[in-house]
**Student:** 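If you scroll down you'll find the structure; I have some questions about it.
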Amino acid sequence: MSQTTFGKGHHLHLIDGSGFIFRAYHALPPLTRKSDGLPVGAISGFCNMLFKMVEDQKGSDAPTHLAVVFDHKGKTFRSDIYPEYKAHRPPAPEDLAPQFPITRDATRAFNLACIEAEGFEADDIIATLADQARTAGARVTIVSSDKDLMQMVGGGVEMYDAMKNRRIGVEQVEEKFGVGPDRVIDVQSLAGDSVDNIPGAPGIGIKTAALLINEYGDLDTLLERAGEIKQPKRRETLIEKADQIRISRELVTLKLDTPIDLSFDDMAVNAPDPDVLLPFLAEMEFRTMSARIAAKLGVDAPAIAEPVSDTGPSGTATPAAQLPIDPEKYETVRDVDRLNAWVQKIYDRGYVAVDTETTGLNEMIVDLVGICLSVEPGEACYIPLIHKEGEGDLFGGSNLAPNQIPLDQALDILRPVLQDESILKIGQNMKYDAKIFKRNGIDIAPIDDTMLLSYALHGGLHNHGMDALAERYLDHKPISIKSILGTGKSAITFDLVPIDEATKYAAEDADITLRLWQMFKPQLHAAKVTKVYETLERPLIPVLAKMEMNGIKVDRDHLSRMSNSFAQSMAGLESEIHELAGRSFNVGSPKQLGEILFDELGLEGGKKGKTGAYSTGVDILEDLAAEGHDLPARVLDWRQMSKLKSTYTDALQTHINPDTGRVHTSYVISGASTGRLASTDPNLQNIPIRSEAGRKIREAFVAEEGNVLLALDYSQIELRILAHIAKIDNLKQAFLDGHDIHAMTASEMFHVPIEGMDPMIRRQAKAINFGVIYGISGFGLARNLRIPRKEAQAFIDTYFERFPGIRKYMDDTVAFAKEHGHVETLFGRKIHTAEINAKGPHAGFAKRAAINAPIQGTAADVIRRAMIQMPDAIKNFPAKMLLQVHDELLFEVPKDAVEETTETVRKVMENAASPVVKLDVPLTVDAGVGNNWAEAH
DNA sequence: TGTTTCACG
DNA sequence: GACGTACGTGAAACAC
């Protein structure tokens with residue numbers, strides 16, 4: 001490619017290299033070079049991003065020119081203007097600093113231009129180049145998410161946020177700043193920036209700034225005419241702080257004349273030179289990346305010394321993801337001979353990745369369509385079993401496609417190996433496949449689950465679905481199921497997919513699963529989460545599978561009667577509401593309701609929310625109702641009925657399985673970052689109980705004839721765990737003595753006797769106790785108790801005085817999170833806290849989550865342990881475990897076995913923490929029995 | 001598809 | 001006095 005003159009027709013990419021590095025550092029788990037322990041996580045992420053940029057941009061939109069721009073170390077000219085500029089920035093983390101210079105080497109190794117300039121920030125260089133390129137008539141894409149660069153957008157310059165995969169044009173800038181790119185500087189000068197320590201005008205944020213600029217045209221005019229502003233506070237601020245605002249403008253204005261010693265021709269895109277790039281990657285010991293990039297460049301991967309570590313049970317596994325993923329290479333197994341050959345491969349290897357394909361997502365209903373296997377990366381097969389083809393007959397049935405092994409015959413061949421104790425079966429979300437196999441007469445065991453491996457390793461960092469894992473850890477985007485099945489009404493089921501196409505999709509899943517397993521399994525030990533995975537995750541799979549298949553009986557008629565009654569009440573309320581409003585409208589629309597309440601009826605309690613819509617949540621409506629307004633009170637009643645009807649009485653009926661007559665939920669083991677389970681389709685963990693009307697819904701959950709429902713729940717488990725973890729002696733003692741913990745708290749705080757205590761006082765103490773678990777704040781407590789914020793803060797201060805251990809626990813936990821990037825439960829479960837070092841409003845959020853996680857997570861671990869022991873503990877009883885609701889287990893038991901079951905289950909639950917953790921407080925369990933779930937509570 | 005509201009622990 | 005805050009979930013309806 002010959003470059004003569006840079007300009008029209010060219011496309012320049014300017015990459016914010018420093019931004020890339022920080023994002024890579026914070027987004028990825030720490031990684032060190034095996035040979036000498038050099039931290040290389042950020043470098044690895046940086047290289048991956050560079051490579052991705054180069055690879056992704058090969059289309060017509062490809063850059064013709066590209067430069068990676070870095071911040072130069074040391075002070076910039078902005079510090080001379082304003083010494084406080086970025087003065088509060090902490091130094092880079094210790095394990096990041098040594099990686100900075102190497103990222104420059106990496107850039108050059110990829111054959112990309114690398115620019116930095118002393119005394120200037122990367123943003124200035126980017127701005128200067130973008131401006132010059134724009135003038136020359138070229139297109140420019142700035143790869144960065146830094147809002148300071150938004151002033152450059154327009155006239156052929158766009159930004160691209162690589163993390164969010166989002167282009168930022170003039171429209172997006174207007175969204176963010178409320179003004180066009182040409183006025184961004186003005187708005188920033190007024191709003192300032194706490195992160196960079198740009199003062200701006202105190203009391204004025206982006207919203208107000210945009211308002212002012214839009215009204216007066218530009219900053220100079222605004223400052224000139226500041227005296228005309230109506231609001232006294234604003235007027236004074238703008239007059240008094242005019243100099244400060246002008247300094248802020250200097251700080252936020254990017255330089256368009258930064259000295260740059262490269263020409264555009266130096267930035268022309270050229271392919272990397274394998275002889276330069278691969279030795280660099282080898283030096284970094286990036287094994288997987290070297291292999292992948294070598295493959296892309298069409299050369300052999302360099303040899304890198306194998307680290308001394310076990311890669312799996314056989315110890316001879318191919319390193320994960322070394323081969324490119326090529327769906328064309330997978331085999332379709334169509335006859336018994338080939339299937340037997342695969343079984344032999346499995347025995348030779350000792351483990352196999354397995355994936356089932358079905359006609360849908362509901363494991364209790366769907367049919368098994370096919371099975372995929374993989375024993376080695378890149379080598380996988382699909383065994384189609386009941387694929388259909390042709391037009392089908394008049395009854396909607398279709399003909400079985402030819403050349404498929406009959407279902408039963410295939411299962412008979414696979415059964416021995418799938419049940420073989422010496423063969424490990426690996427799956428992604430194995431609970432699903434285990435249930436499918438169980439319904440087809442196969443008890444698959446032993447098993448490993450890549451979803452749960454990832455959960456144990458990376459809990460809190462990201463979700464653990466296969467697509468996310470493949471993209472993040474294998475840098476591969478799997479074929480989407482939507483592209484195979486279509487969407488919406490025209491979607492088909494998997495048995496209707498042509499077998500050739502099905503093979504590519506399905507076998508790829510098994511291939512990916514195997515690669516993920518080869519990557520994750522050896523990491524458990526180093527991450528110190530082997531125990532977590534082996535005792536809290538993996539053994540839960542069969543327990544939950546059994547519970548879910550048990551299901552719970554639901555009385556359809558009861559629900560149906562309630563639906564009718566709710567419908568009637570709602571109709572009555574609706575006409576009342578319309579009359580009060582003076583016109584008819586959709587009561588279910590928060591937007592319309594807000595307009596009626598605040599615009600048409602003129603009630604107080606204005607706007608909020610980022611969309612600008614009125615907020616009409618319970619809090620607001622209750623306040624209005626308390627002031628004596630009828631309409632909001634009626635709406636609250638209507639809302640409650642609408643919720644109960646749509647979410648429960650109506651929806652639950654549709655979840656009754658026609659074969660079993662019962663409702664089967666599905667628990668997501670890796671759903672909650674803390675270790676809690678999540679229940680879906682339907683969610684049986686949020687069945688109403690707090691309100692009288694809602695409670696009736698629990699009556700529909702019933703026991704089979706001759707049986708009763710038995711509910712056992714931990715009493716105050718989170719507060720007990722808090723007392724233990726934070727070492728609060730008087731709290732511990734109260735639990736040991738069996739005292740009313742909220743009354744005792746109130747007594748300690750307000751010096752009132754427990755006997756004859758005012759219920760209001762106890763209520764407040766209770767709110768504080770719960771608040772502590774959630775990472776208390778004056779604001780939150782004030783809102784919860786509906787008291788002034790000052791009072792709430794005073795309560796909290798008193799609380800911390802009386803229980804100083806709590807303060808220490810909170811501070812220590814946040815400090816631990818900041819240092820390690822995660823917090824831990826008493827059982828060693830790690831909950832990563834990626835945002836903990838974030839700035840701005842994010843920070844408070846992350847802190848509270850970090851404070852809460854060890855408490856909520858330890859409680860979750862305890863009940864997991866109880867559940868895992870349960871099948872063995874009750875194996876001689878005719879009892880069935882049906883549901884888990886965070887601190888409660890629900891059983892279905894024949895009437896005559898209730899007492900012995902209760903005592904056995906109670907014992908297991910109360911002792912579930914030991915012997916691993918010896919709690920200083922006893923765990924106690926309350927039990928209830930009844931013909932339905934409401935009675936059992 | 002994202003937002004709002006509300007059900008639970 | 002800038003911003004927005006109790007922690008963890010899932011589902012349904014509305015609005016775009």
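Below, chain A is the first sequence line, B the second, and so on; all start at residue 1. Atom set for the values below is all heavy atoms of this structure, side chains included, hydrogens, waters and symmetry mates excluded.
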**Student:** Is the phosphate of dC8(B) approached by S679(A) (side-chain N or O, under 4.0 Å from OP1 or OP2)?
**Tutor:**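 False: S679(A) side-chain N/O out of range (4.0 Å or more) of dC8(B) OP1/OP2.
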**Student:** How close or far is atom C1' of dA6(C) from atom CD1 of I796(A), stated in whole angstroms?
**Tutor:**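 Atom CD1 in I796(A) sits about 9 Å away from atom C1' in dA6(C).
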**Student:** Looking at S615(A), I'd like to know whether one of its side-chain N or O atoms comes within less than 4.0 Å of OP1 or OP2 on dT5(B).
**Tutor:**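 For dT5(B), OP1/OP2 do have a side-chain N/O of S615(A) under 4.0 Å.
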**Student:** Are E718(A) and R676(A) close enough for a salt bridge, meaning some N to O gap below 4.0 Å?
**Tutor:**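 Here E718(A) pairs with R676(A) in a salt bridge, since their nearest N and O are under 4.0 Å apart.
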**Student:** What nucleotide among dA6(C), dA15(C), dG8(C) has an atom nearest to a side-chain atom of H886(A)?
**Tutor:**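 Given the options dA6(C), dA15(C), dG8(C), the side chain of H886(A) is closest to dG8(C).
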**Student:** Does a side-chain N or O of T616(A) approach OP1 or OP2 of dT5(B) to a distance below 4.0 Å, or not?
**Tutor:**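 T616(A) to dT5(B) OP1/OP2: side-chain N or O found under 4.0 Å.
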**Student:** Atom CZ of R789(A) and atom P of dG4(C): how far apart are they, to the nearest Å?
**Tutor:**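 Computing the R789(A):CZ to dG4(C):P distance gives 13 Å.
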**Student:** Examine dA6(C): is either OP1 or OP2 under 4.0 Å from a nitrogen or oxygen in the side chain of N852(A)? Give yes or no.
**Tutor:**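 No, N852(A) has no side-chain N/O under 4.0 Å of OP1/OP2 on dA6(C).
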**Student:** Answer yes or no: is there an ion pair linking K645(A) with D650(A), defined by an N-O contact shorter than 4.0 Å?
**Tutor:**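 A salt bridge is present here (some side-chain N lies under 4.0 Å from a carboxylate O).
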**Student:** Which is more 5' along DNA chain C, the nucleotide nearest P202(A) or the one nearest S646(A)? Just name the residue.
**Tutor:**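 That would be P202(A).
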**Student:** Between R698(A) and E935(A), is the closest basic N to carboxylate O distance under 4.0 Å?
**Tutor:**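 Here E935(A) does not pair with R698(A) in a salt bridge, since their nearest N and O are not under 4.0 Å apart.
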**Student:** List the steps and the verdict of ring-ring contact (aromatic ring centres under 6.0 Å, His included) for F803(A) and Y799(A).
**Tutor:** CA-CA 6 Å; F803(A) 305 98; Y799(A) 189 89; 4.8 Å; yes
**Student:** Whole angstroms only, please: what is the CZ-P distance between R698(A) and dA7(B)?
**Tutor:**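 That distance rounds to 13 Å.
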**Student:** For dC6(B) and dA6(C), measure between their P atoms and round to the nearest Å.
**Tutor:**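 About 14 Å, rounded to a whole number of Å.
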**Student:** If the cut-off is 4.0 Å, is R639(A) near the phosphate of dT5(B), judged by side-chain N/O to OP1 or OP2?
**Tutor:**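 Checking dT5(B) against R639(A), no side-chain N or O comes under 4.0 Å of OP1 or OP2.
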**Student:** With DNA chain C as reference, determine whether L677(A) or A767(A) sits nearer its 5' end, using the nearest nucleotide of each.
**Tutor:**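 Going by which nucleotide is closer to the 5' end, it is A767(A).
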**Student:** Any N or O donor-acceptor pair under 3.5 Å from the base of dG4(C) to the side chain of R783(A)?
**Tutor:**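 No, the side chain and the base share no sub-3.5 Å donor-acceptor pair.
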**Student:** Compare the minimum distances between each of dC7(C), dA7(B), dC14(C) and the side chain of Q640(A), then state the nucleotide with the smallest one.
**Tutor:**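 Nearest nucleotide to the side chain: dA7(B).
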**Student:** Without decimals, in angstroms, what is the distance between L593(A) CG and dT4(B) P?
**Tutor:**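 L593(A) atom CG is separated from dT4(B) atom P by 14 Å.
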**Student:** Classify A843(A) by what it touches in the nucleic acid, base, sugar-phosphate, or nothing, heavy-atom distance under 4.0 Å.
**Tutor:**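 It contacts nothing in the nucleic acid.
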**Student:** Expressed in angstrom and rounded to an integer, what is the separation of I206(A) atom CD1 from dG4(C) atom P?
**Tutor:**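 It works out to 11 Å between those atoms.
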**Student:** Does R676(A) contact dT9(C) through a side-chain donor or acceptor facing the base, at a distance under 3.5 Å?
**Tutor:**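 No, no donor-acceptor pair under 3.5 Å.
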**Student:** Answer yes or no: is there an ion pair linking E537(A) with R829(A), defined by an N-O contact shorter than 4.0 Å?
**Tutor:**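 Looking at R829(A) together with E537(A), the answer is yes, because their closest N to O distance falls below 4.0 Å.
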**Student:** Hey, is CD on E171(A) packed in by over 12 heavy atoms from elsewhere, all under 6.0 Å?
**Tutor:**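 It does not: E171(A) CD has 12 such atoms or fewer within range.
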**Student:** Nearest whole Å is fine: how far is dG9(B) P from I773(A) CD1?
**Tutor:**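 Computing the I773(A):CD1 to dG9(B):P distance gives 14 Å.
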**Student:** So, is R848(A) near the phosphate of dA6(C), with a side-chain N or O under 4.0 Å from OP1 or OP2?
**Tutor:**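 No, because none of the side-chain N or O atoms of R848(A) sits under 4.0 Å from OP1 or OP2 of dA6(C).
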**Student:** Dot-bracket notation for DNA chain C is requested: 5' to 3', Watson-Crick or G-U wobble pairs only, both distances under 3.5 Å, with ( ), [ ], | and . as defined.
**Tutor:** ......|||||||||.
**Student:** Can you tell me whether the side chain of K591(A) and the base of dC14(C) have a donor-acceptor pair closer than 3.5 Å?
**Tutor:**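 Donor-acceptor pair under 3.5 Å: no.
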**Student:** When the distance from CZ of F770(A) to C1' of dC7(C) is rounded to whole Å, what number comes out?
**Tutor:**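 Atom-to-atom, F770(A) to dC7(C), this comes out as 12 Å.
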**Student:** Take the protein atom OH of Y614(A) and the nucleotide atom C1' of dT4(B), then report the distance between them rounded to whole Å.
**Tutor:**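 Taking atom C1' of dT4(B) as the reference, OH of Y614(A) is at 17 Å.
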**Student:** With rounding to whole Å, what would you report as the distance between dT5(C) and dT5(B) at their P atoms?
**Tutor:**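 Result for the P pair: 12 Å, nearest Å.
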**Student:** Take atom CZ of F845(A) as the centre, draw a 6.0 Å sphere, and report whether it contains more than 12 heavy atoms from other residues, nucleotides or ligands.
**Tutor:**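 Counting neighbours around CZ of F845(A), 12 or fewer heavy atoms of other residues, nucleotides or ligands fall under 6.0 Å, so no.
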**Student:** Please test K431(A) against E548(A) for salt bridge (Lys or Arg N to Asp or Glu O under 4.0 Å), starting from the C-alpha separation and ending with a verdict.
**Tutor:** CA-CA 10 Å; K431(A) 178 159 65 66; E548(A) 294 170 12; 2.7 Å; yes
